[in-house]
2 protein chains.
Amino acid sequence: MFIEIDFNSDEAIYVQLCNQIIMGIATSQFREGEQLPSVRQLADAIGINMHTVNKAYSILQQEGFVKIDRRRGAIIAIDLNKLAALQEAHDMLSVVLARAMCKGVSRTEIHELIDEIYGEYEA
Amino acid sequence: MFIEIDFNSDEAIYVQLCNQIIMGIATSQFREGEQLPSVRQLADAIGINMHTVNKAYSILQQEGFVKIDRRRGAIIAIDLNKLAALQEAHDMLSVVLARAMCKGVSRTEIHELIDEIYGEYEA
DNA sequence: CCCTCTGTTATACTTGATATAACACAGAAT
DNA sequence: ATTCTGTGTTATATCAAGTATAACAGAGGG
């Protein structure tokens with residue numbers, strides 16, 4: 001369990017949690033069917049409130065990354081909706097690329113970044 | 001001036017404003033040295049508060065997209081810091097790509113999206 | 001039957017986003 | 001000079017969102 005929270009960040013804690021868990025799934029640190037730590041366990045480990053973790057898990061459920069069972073807790077369960085995923089990726093990329101373009105980052109450099117990150121994830 | 005705010009979005013209004021203005025710069029709708037509408041003009045046009053626009057402009061200044069003059073208002077002035085831009089792009093892409101990968105989007109499909117968006121911007 | 005584990009709900013507290021109002025400075029018109 | 005109108009700024013208030021504390025409810029193991 002390698003989750004690092006930056007308390008000085010302007011990003012909400014539950015958002016950081018969501019992102020790190022999703023990245024954990026992408027890197028196969030968490031696998032389909034695997035059980036995440038209970039809200040209390042994780043909250044204590046990080047030093048934050050149980051409710052904040054609960055909110056992160058709820059959002060991950062809503063976005064189709066986990067399923068929540070009252071007895072077993074949160075379990076990795078990807079809901080594959082590729083059309084929605086492509087739409088979401090397009091919208092988020094539009095913002096990221098606009099920022100990069102304004103600052104003089106070329107199309108080639110972006111493609112290189114993509115390959116670099118995909119490399120980190122597939123390894 | 002084509003700025004559309006979604007009041008049902010979970011994104012804060014000032015964030016939507018920042019993003020749309022940055023996309024406006026990327027599409028050459030706004031050019032270096034050009035003057036943005038005054039905080040009151042834009043606020044009235046959109047139907048929001050002047051202070052919300054002011055916050056967006058302040059953030060754009062802080063991030064190096066505009067300069068604010070008490071007399072002339074906000075003026076497009078890109079502060080080219082490519083190293084920081086590449087770092088930022090890497091961090092944001094890490095999150096976007098993780099989400100996409102989990103949902104079964106391939107590396108090739110991401111590259112296609114990049115080209116598609118760059119095409120829209122350069123046109 | 002009790003103890004402990006799970007998530008859930010109710011309630012407060014604190015911070016951030018947005019709005020209202022008054023301010024201060026600069027330039028144009030009179 | 002004086003007034004008017006434009007700019008961003010600051011102070012204050014309001015409302016929503018993020019986070020925390022505490023008590024609850026169901027499930028399973030001793």
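Numbered from 1 within each chain, the chains take letters A, B, ... in sequence-line order.
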Let me confirm one number: the CG-SG distance from B:Leu60 to A:Cys102, rounded to the nearest 0.5 Å.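 One finds 10.0 Å between CG of B:Leu60 and SG of A:Cys102.
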Hey, which of these two, A:Ile13 or A:Arg70, hits DNA chain D nearer its 5' end, going by closest nucleotide? A:Ile13
Round to the nearest Å and state the distance from [X] atom [atom1] to [N] atom [atom2].
X	N	atom1	atom2	answer
A:Ile68	D:dG26	CD1	C1'	16 Å
A:Asn8	C:dT15	CG	P	14 Å
A:Phe7	C:dT14	CZ	P	18 Å
A:Ile5	D:dA20	CD1	C1'	16 Å
B:Glu11	C:dT18	CD	P	11 Å
B:Leu36	D:dG8	CG	P	10 Å
B:Gln35	D:dG6	CD	P	14 Å
A:His51	C:dC13	NE2	P	16 Å

Would you say [X] and [Y] make side-chain contact, with heavy atoms under 4.5 Å?
X	Y	value
B:Thr27	B:Glu120	no
B:Leu42	B:Leu17	yes
A:Tyr121	B:Ser94	yes
B:Phe7	B:Ile13	yes

Answer with yes or no whether the side chains of A:Glu109 and A:Ser106 bring together a donor and an acceptor at under 3.5 Å. yes
Applying a 4.0 Å non-hydrogen cut-off, can you work out what [X] is touching in the nucleic acid: base, sugar-phosphate, or nothing?
X	value
B:Arg71	sugar-phosphate
B:Arg40	base
A:Asn54	base

Note down the inter-axis angle between the two ends of the helix from C:dC1-D:dG30 to C:dT30-D:dA1, five pairs each, to the nearest 10°.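 Computed from the C1' atoms at both ends, the axes differ by 10°.
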Please determine whether a side-chain nitrogen or oxygen atom of [X] lies at a distance below 4.0 Å from atom OP1 or OP2 of [N].
X	N	value
B:Thr52	C:dA17	no
A:Asn49	D:dT21	yes
A:Lys55	D:dT19	no

Should we count CD of A:Glu32 as having more than 12 external heavy atoms under 6.0 Å?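 It does: A:Glu32 CD has more than 12 such atoms within range.
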Return the nearest nucleotide to the side chain of A:Met50; candidates are D:dT7, C:dT9, D:dG18.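 Out of D:dT7, C:dT9, D:dG18, the nucleotide with an atom closest to A:Met50's side chain is C:dT9.
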